[in-house]
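Some notes on the structure that comes next.
Index from 1, following the sequence.
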Amino acid sequence: QEWQNPFATWDPRDFCNISEIVLPMDTYWSPPIFILERVNGQNPELNYMVLMHNGSFSSTRPFQVTLKCSLIILKFPFDTQMCNLSIASFLYPVTDFVMRTRRTSAEIMKDSQNFFLTDGEWKFTNLSIIEYTEMVDDKGFSVVTYVISMKRRPTLYILNLILPTCALYLLDMAVLFGPSSLEEKINFQIAIILGSSMLAVILNNSLPTSSNKPPIIGTH
């Protein structure tokens, strides 16, 4: 965060060339912001800010939060999701408090990719920024939304779910149209049904449940 306070300025030449100082957050006014999609998280213990001689404040506070995001898993495991991270302050209307991003979306995306130290299930693909005014009770409030695009890595699901399922169905068709007797076909069909049921249980534990439409792989 960066903001200006014209009442907190001084001439460094009058104070031993001191051009900046570190102060607690409650010393001066600081912008109160909220994350709209936040479910829970940990508040930072770094409650300090840097004050420059020209009245410029800067504060870097790392947050670790859990956000809510509506998933559309119809194309699972080849799906791409878009989640919002909205920052707003509903204590001051837009006539008193306006938020702007200091860097472009390309610069933020480049810095964000440096924080991904391991390769997890998701791949960070894009980041866009939307600045708008939210109307609440005939009052406008400044909101900055970061739209995060993520793509799922499907390799694990292909190896554990799709390939075994396709192998069972191909084997089922081969036995059904094969020269075996009826009794052998029935016994083999029962074994395939049991195997398909076990795969369905594994699939049910692997698929996310927060979606209005089930994935195609779960309905066929």
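In summary, Lys139 and Asp137 do not engage in a salt bridge, as defined by a charged side-chain N under 4.0 Å from a carboxylate O.
Inspection of the Gln81 and Ser149 side chains reveals no N or O donor paired with an N or O acceptor under 3.5 Å. Thr9 and Asn54 share no side-chain donor-acceptor pair at under 3.5 Å.
Open room surrounds CZ on Phe7; 12 or fewer heavy atoms of other groups in view lie less than 6.0 Å from it. More than 12 heavy atoms of other residues, nucleotides or ligands sit less than 6.0 Å from atom CZ of Phe34.
For the pair Phe141 and Ser89, the minimum side-chain heavy-atom distance is 4.5 Å or more. Between Arg153 and Glu121, the closest side-chain pair of non-hydrogen atoms is not below 4.5 Å. Counting heavy atoms from C-beta on, the side chains of Val143 and Met99 never come closer than 4.5 Å. Side-chain contact between Arg61 and Asn47 is present, with at least one heavy-atom pair separated by less than 4.5 Å. The shortest side-chain heavy-atom distance between Ile87 and Tyr146 falls under the 4.5 Å cut-off. The shortest distance between side-chain heavy atoms of Gln1 and Ser58 does not fall below 4.5 Å.
Panel note: side chain Thr133, backbone Gly140; no donor-acceptor pair is recorded below 3.5 Å. Using modelled atom types, no side-chain atom of Thr27 and backbone atom of Leu23 make a donor-acceptor pair closer than 3.5 Å. Side chain of Glu131 to main chain of Thr101: a donor-acceptor pair is present (N/O by atom type, distance under 3.5 Å, no hydrogens or angles). Remark: side-chain polar atoms of Asn84 are not paired, donor with acceptor, to backbone N or O of Ser86 under 3.5 angstrom.
Residues passing the disulfide bond (SG atoms under 2.5 Å apart) test with Cys83 are Cys69, sequence neighbours excluded.
Using bins of under 30°, 30° to 60° and over 60° for the plane-to-plane angle, the ring pair Phe57/Trp3 lands in the parallel bin.
For Tyr157 and Phe78, the gap between ring centers reaches or exceeds 6.0 Å.
If you take OG on Ser128 and CD1 on Ile148, they are separated by 9.5 Å, rounding to the nearest 0.5 Å. Rounded to the nearest 0.5 Å, atoms CZ (Arg38) and OG1 (Thr66) are 9.0 Å apart.
The salt bridge (charged side-chain N to carboxylate O under 4.0 Å, His left out) analysis of residues 73-88, with sequence neighbours excluded, yields the pairs Asp79-Arg152.
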